[in-house]
Each structure stands twice: as C-alpha cells, then as structure tokens.
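Just so we're clear, the structure is a prediction, and the values are computed from it rather than from any experiment. The first residue in the sequence is number 1, and the count goes up from there. Just so you know, these numbers use all the heavy atoms, side chains as well, and skip hydrogens, waters and symmetry mates.
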Amino acid sequence: MPFTGHTRFIVGVPIKKVGRLARVTCSYGVVNGKPSYPVEIGLSKYSNASSASSRVKVTIQTERAGGATFKDLTVDGKPATLLQGTTGSLLVYAVGVYTIALSVDASAHAPDPQASLAALAEVVQTNLKSLS
C-alpha cells in the first residue's frame with residue numbers, strides 16, 4: 001500500500017520506573033498538520049521479559065478503557081492482542097525483553113486491518129530475529 005507524505009523516525013528515551021531501556025518508533029505516511037499516521041511501528045526494549053509483558057498489559061488495558069474491542073491472536077507463536085477502536089487498529093505483543101506495537105490508522109483505509117498488521121508483524125519478527 002503506497003503512502004503519501006513522508007516517514008518519521010523517533011528515538012525514545014529510557015524510562016527507569018517501567019524498565020524501558022530504549023524505544024524506536026517509525027511512522028509512515030506522515031503529513032504535516034495531521035495528528036495521526038496511516039502506519040506506525042513501535043519497538044521498545046526492557047530490562048527484563050516481565051517488564052516487557054507488563055507494558056503490553058498496560059497498553060491493552062488503556063486501549064480497552066478507551067472503548068477498543070480486542071481479539072487474542074498469535075504472532076510467530078507468541079501471544080498477541082489486536083485492539084480495534086474508532087481511530088484504527090493496534091497489534092501489541094512481547095517477545096522476550098521487547099514489546100512491539102503496530103498500528104494501522106483508519107485513514108489508511110485498509111480493507112482488512114488484521115491481515116495488514118499480521119503481514120507487518122511478519123516483517124518485524126524477521127528483523128527482530130536478526131538482532132539476536
């Protein structure tokens with residue numbers, strides 16, 4: 001799916017109280033003046049797997065409290081959660097000390113957000129394995 005706009009790459013800072021060591025977020029289809037992006041990939045590294053898992057749970061709770069529906073899935077054999085709200089879809093999961101958050105905004109007009117996020121997760125998993 002081609003996007004207009006540009007790509008934005010943000011390096012996040014560590015957050016000791018939650019055990020986050022690093023974060024990288026890539027946004028695709030960024031258009032100045034628009035508050036959302038068609039596709040976003042977030043990868044965070046935590047001090048341990050427990051902290052990573054806890055952060056995924058916090059994200060799920062926050063999204064559900066905001067009215068998102070959820071569906072449990074698996075990504076590369078790991079438990080994942082698909083959250084769907086009025087502004088788009090979010091797939092979150094943990095792999096060891098990493099958390100992955102993949103989103104497709106409603107503005108992307110993806111005919112099947114779950115399939116789009118699953119395909120994106122496959123690419124992320126391949127790249128994540130190369131880090132090990």
Side-chain angles (χ1 to χ4, degrees):
M1 170 188 313
F3 296 113
T4 58
H6 59 280
T7 301
R8 184 175 74 176
F9 179 79
I10 299 172
V11 176
V13 297
I15 301 176
K16 283 187 178 185
K17 72 178 185 176
V18 298
R20 188 171 86 186
L21 303 175
R23 178 184 171 118
V24 175
T25 303
C26 297
S27 305
Y28 301 92
V30 176
V31 176
N32 293 335
K34 291 197 175 182
S36 62
Y37 320 109
V39 173
E40 195 163 70
I41 300 170
L43 175 67
S44 297
K45 183 177 183 182
Y46 289 84
S47 55
N48 56 58
S50 177
S51 293
S53 180
S54 292
R55 295 313 298 168
V56 168
K57 289 176 186 171
V58 167
T59 299
I60 293 167
Q61 290 170 348
T62 301
E63 293 296 315
R64 289 189 64 198
T69 60
F70 76 100
K71 181 178 182 181
D72 292 325
L73 305 171
T74 59
V75 172
D76 199 30
K78 306 288 184 203
T81 301
L82 175 67
L83 297 143
Q84 295 182 293
T86 57
T87 60
S89 300
L90 171 67
L91 179 66
V92 293
Y93 59 102
V95 177
V97 297
Y98 295 98
T99 62
I100 296 95
L102 311 170
S103 65
V104 174
D105 190 80
S107 68
H109 304 291
D112 185 351
Q114 181 176 335
S116 298
L117 290 169
L120 188 55
E122 238 179 78
V123 174
V124 170
Q125 284 303 117
T126 298
N127 288 309
L128 188 58
K129 287 176 184 177
S130 71
L131 294 176
S132 302

Between [X] and [Y], which heavy-atom pair has the shortest distance, and what is it?
X: Ala106; Y: Thr86; value: CB-O, 4.2 Å
X: Ala52; Y: Gly96; value: CB-O, 3.5 Å
X: Pro113; Y: Ser89; value: CB-OG, 3.4 Å

Establish whether Val97 and Val95 are linked, either directly or via other cluster members, by ILVMFWY side-chain heavy-atom contacts under 4.5 Å.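 Both belong to a single hydrophobic cluster.
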
Could you go step by step and tell me if Ile41 and Val123 meet the side-chain contact (heavy atoms from CB on, under 4.5 Å) rule? CA-CA 11 Å; Ile41 300 170; Val123 174; over 6 Å; no

With no hydrogens and no angle check, is any side-chain donor or acceptor of Ser130 less than 3.5 Å from a backbone partner on Asn127?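 Yes.
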
Could you check whether any side-chain heavy atom of Asn32 comes within less than 4.5 Å of a side-chain heavy atom of His6, counting everything from C-beta outward?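 Yes, at least one pair of side-chain atoms sits under 4.5 Å.
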
Side-chain heavy atoms of Tyr93 within contact of Thr74, under 4.5 Å: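 No. Closest side-chain heavy atoms not under 4.5 Å.
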
Out of curiosity, [X] [atom1] to [Y] [atom2], how far, rounded to the nearest 0.5 Å?
X: Leu43; Y: Leu128; atom1: CG; atom2: CG; value: 6.0 Å
X: Glu122; Y: Leu117; atom1: CD; atom2: CG; value: 12.5 Å
X: Arg23; Y: Thr99; atom1: CZ; atom2: OG1; value: 7.0 Å

Apart from Leu83 itself, what residues make up its hydrophobic cluster, given side-chain heavy atom links below 4.5 Å?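 In the cluster with Leu83 are Val56, Ile60, Phe70, Leu90, Val92.
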
Connected-component partners of Tyr37 among ILVMFWY, side-chain separation under 4.5 Å: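 Reading the cluster by chain and number, Tyr37 sits alongside Val30.
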
Taking only residues two or more places apart in sequence, or in another chain, which ones meet Asp112 in a salt bridge (Lys or Arg N to Asp or Glu O under 4.0 Å)?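 Asp112: no salt bridge (Lys or Arg N to Asp or Glu O under 4.0 Å) contacts found.
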
Show the numbers, then the answer: is there a side-chain contact (heavy atoms from CB on, under 4.5 Å) between Asp105 and Glu40? CA-CA 8 Å; Asp105 190 80; Glu40 195 163 70; over 6 Å; no

Going by the salt bridge (Lys or Arg N to Asp or Glu O under 4.0 Å) test, which pairs reach into residues 65-78, not counting sequence neighbours?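 Found Asp76-Lys129.
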
Listing request: all salt bridge (Lys or Arg N to Asp or Glu O under 4.0 Å) pairs with a residue in residues 48-63, at least two apart in sequence or in separate chains.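 Of all non-adjacent pairs touching residues 48-63, none passes salt bridge (Lys or Arg N to Asp or Glu O under 4.0 Å).
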
Contacts under 3.5 angstrom, residues 10-21 side chains, donor-acceptor by atom type, not counting sequence neighbours:
from, atom 1, to, atom 2, distance (Å)
Arg20, NE, Val13, O, 3.2
Arg20, NH2, Val13, O, 2.7

